[in-house]
2 protein chains.
Amino acid sequence: MHDPLVKHPGYTLRRASGAMTAELTQRLADHGVRIVDATVLLWISENPQVTASALGRALDIQRANMVPLLKRLEDAGLIERAPIDGKSQGLSLSEEGRKRVPAIEATIEAFEQDLLARIPLQHREHFIPALDALWR
Amino acid sequence: MHDPLVKHPGYTLRRASGAMTAELTQRLADHGVRIVDATVLLWISENPQVTASALGRALDIQRANMVPLLKRLEDAGLIERAPIDGKSQGLSLSEEGRKRVPAIEATIEAFEQDLLARIPLQHREHFIPALDALWR
DNA sequence: TGCTATTGTTGTTGCGTATAACAATCCAGA
DNA sequence: TCTGGATTGTTATACGCAACAACAATAGCA
């Protein structure tokens, strides 16, 4: 059967992204978090007191969609909110969050290493620069 | 604000894929089709009488999810089904489908070219080989 | 012939994202 | 200082895509 989309960068990009996303989702399931949860936790860890809106802008997540996401993390006892002023609230890791984020981070780091290791050596250094040109 | 995921290939891959997917979705909207519709149409065009199951296997789409997809294309008058035997049916482009697929294909080709053009020259030839290693 | 695998299908669920709207609050310019 | 526009968090709703379980009908092989 003939594949009309072999050698098409956009198609290849979508397929590769889908495969890697599925794998990371699987690995993070052991920690009870989704990819987007882990991403947000890492951002909050690195930027304490960041605001929900600012976080949404950085990750390209609509403000409205941050609501259930943060609620989930708060219900899981991983993050805390503290009012900054009358309308903004700063996000930070809770005690429990600080305890569990390192393992999540380690899982992500291991995944990233494994991903990179699958790319033939001669192409490896070009991977991130090429992708960066498509969205940064 | 510090981004904890800069230089992470998996994260970069997801972001680049998302950006490109959004752009292609936009471009294909002019033709009234989604990305997955266009992909299926191209496959059927290159493989007349292909079966729904075989198509699903090639594109990693569950058999069950092919049903509404093909129904949409059939309702739009773009494809036709012809029984192969008692349980399989061959898919092919309809008259209308053959008329409209070339423009859709041209849109995709233009998109792929534009995508590639955004990647700095020294990284360009490494793009597809690197991605292929992640899913093929 | 009989058993297993395959095909198309239905129904349901979950996840991620998009849009519109709203009240409360802020901030900067007149 | 006042005020109008922008921002923040939130609700509700919808869409697109993928996953799973189950089923009847059929095909193909032992």
Side-chain angles (χ1 to χ4, degrees), chain A residues 11 13-15 17-29 32-40 44 49-76 79-91 135, chain B residues 10-11 13-15 17-29 31-40 44 49-76 79-91 135:
Chain A
Y11 179 71
L13 176 59
R14 280 192 303 281
R15 293 299 298 261
S17 176
M20 291 302 97
T21 298
E23 178 166 337
L24 181 54
T25 297
Q26 193 61 37
R27 294 202 196 186
L28 285 174
V33 294
R34 309 173 187 176
I35 292 181
V36 68
D37 293 342
T39 307
V40 164
I44 294 176
Q49 296 311 311
V50 70
T51 212
S53 289
L55 203 45
R57 274 190 298 272
L59 299 176
D60 276 326
I61 298 174
Q62 304 286 323
R63 223 164 56 250
N65 295 328
M66 294 295 295
V67 178
L69 198 169
L70 294 176
K71 180 174 186 333
R72 184 170 58 239
L73 295 177
E74 194 177 28
D75 289 349
I79 65 171
E80 288 168 350
R81 319 195 203 201
I84 292 178
D85 57 29
K87 76 172 174 186
S88 297
Q89 44 191 271
L91 303 171
W135 72 279
Chain B
Y11 178 70
L13 176 60
R14 281 193 302 281
R15 293 299 297 261
S17 176
M20 292 302 97
T21 298
E23 179 167 336
L24 181 54
T25 297
Q26 193 61 38
R27 295 202 196 188
L28 285 175
H31 300 281
V33 294
R34 310 175 188 175
I35 291 181
V36 69
D37 294 341
T39 307
V40 164
I44 293 176
Q49 296 311 312
V50 71
T51 213
S53 289
L55 204 44
R57 275 189 296 270
L59 299 175
D60 276 326
I61 298 174
Q62 305 284 321
R63 223 163 58 247
N65 295 327
M66 294 294 295
V67 178
L69 198 169
L70 293 177
K71 180 174 186 333
R72 184 171 57 241
L73 295 178
E74 193 178 30
D75 289 349
I79 65 170
E80 288 167 351
R81 320 194 201 201
I84 291 179
D85 55 31
K87 76 175 175 184
S88 297
Q89 43 192 274
L91 303 171
W135 72 280

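All chains are named by letter (A, B, ...) in the order of the sequence lines, taking the proteins before the strands, and each is independently numbered beginning at 1.
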Side chain of [X]: nearest nucleotide among [options]?
{"X": "A:N65", "options": "D:dC17, C:dT17, C:dG8", "answer": "C:dT17"}
{"X": "B:A64", "options": "D:dC20, D:dC17, C:dG8", "answer": "D:dC20"}
{"X": "B:R57", "options": "C:dT7, D:dC17, C:dT9", "answer": "C:dT7"}
{"X": "B:R72", "options": "D:dA19, D:dC17, C:dA21", "answer": "D:dC17"}

### Message
Test of understanding: with salt bridge (Lys or Arg N to Asp or Glu O under 4.0 Å), list the residues that count as partners of A:R15, not counting sequence neighbours.
### Response
B:D60
Nearest whole angstrom, please: distance from the [atom2] of [N] to the [atom1] of [X].
{"X": "B:Q62", "N": "C:dT10", "atom1": "CD", "atom2": "C1'", "answer": "15 Å"}
{"X": "B:K71", "N": "C:dT9", "atom1": "NZ", "atom2": "P", "answer": "11 Å"}
{"X": "B:L69", "N": "C:dG8", "atom1": "CG", "atom2": "C1'", "answer": "14 Å"}
{"X": "B:M66", "N": "D:dC20", "atom1": "CE", "atom2": "P", "answer": "17 Å"}
{"X": "A:I35", "N": "C:dG16", "atom1": "CD1", "atom2": "P", "answer": "8 Å"}
{"X": "B:R14", "N": "C:dT17", "atom1": "CZ", "atom2": "C1'", "answer": "15 Å"}
{"X": "B:L28", "N": "D:dG16", "atom1": "CG", "atom2": "C1'", "answer": "14 Å"}
{"X": "A:R63", "N": "C:dA24", "atom1": "CZ", "atom2": "C1'", "answer": "13 Å"}

### Query
Is the distance from OP1 or OP2 of C:dG8 to the nearest side-chain N or O of B:S53 less than 4.0 Å?
yes
### Query
Is there side-chain contact between B:Y11 and A:L59, with at least one heavy-atom pair below 4.5 Å?
yes
### Message
Would you say that A:R72 contacts A:V36 through its side chain, given a criterion of any heavy-atom pair below 4.5 Å between the two side chains?
### Response
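The answer is yes; the side chains approach within 4.5 Å.
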Show each protein N/O and nucleotides 26-28 of chain C N/O combination with a separation under 3.5 Å, one pair to a line.
from: C:dC26; atom 1: OP1; to: A:G86; atom 2: N; distance (Å): 2.6

## Note on the structure
Rounded to the nearest 0.5 Å, the CZ atom of A:R14 sits from the CD1 atom of B:I35 at a distance of 4.5 Å
### Message
With rounding to the nearest 0.5 angstrom, report the CZ to CG distance, B:R34 to B:L73.
### Response
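The CG atom of B:L73 is 9.0 Å from CZ of B:R34, to the nearest 0.5 Å.
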### Summary
By nearest-nucleotide position on DNA chain C, the 5'-leaning member of A:D60 and B:G90 is B:G90
### Query
If you look at every strand shown and take non-hydrogen atoms under 4.0 Å, does B:T51 touch a base, only sugar-phosphate, or nothing?
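Sugar-phosphate, no base atom in range.
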### Donor-acceptor pair present, B:R34 side chain and D:dG16 base, under 3.5 Å
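It does not, because no donor-acceptor pair links the side chain of B:R34 to the base of D:dG16 below 3.5 Å.
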### Query
Taking for each residue the nucleotide of DNA chain D bearing the nearest heavy atom, is the 5' side occupied by A:A22 or by A:Q89?
A:Q89
### Task
Can you see which heavy atom on B:I79 is nearest to which on B:L70, and at what distance?
CD1-O, 3.7 Å
### Query
Do side-chain atoms of B:S17 reach the backbone of B:L13 as a donor and acceptor pair under 3.5 angstrom?
no
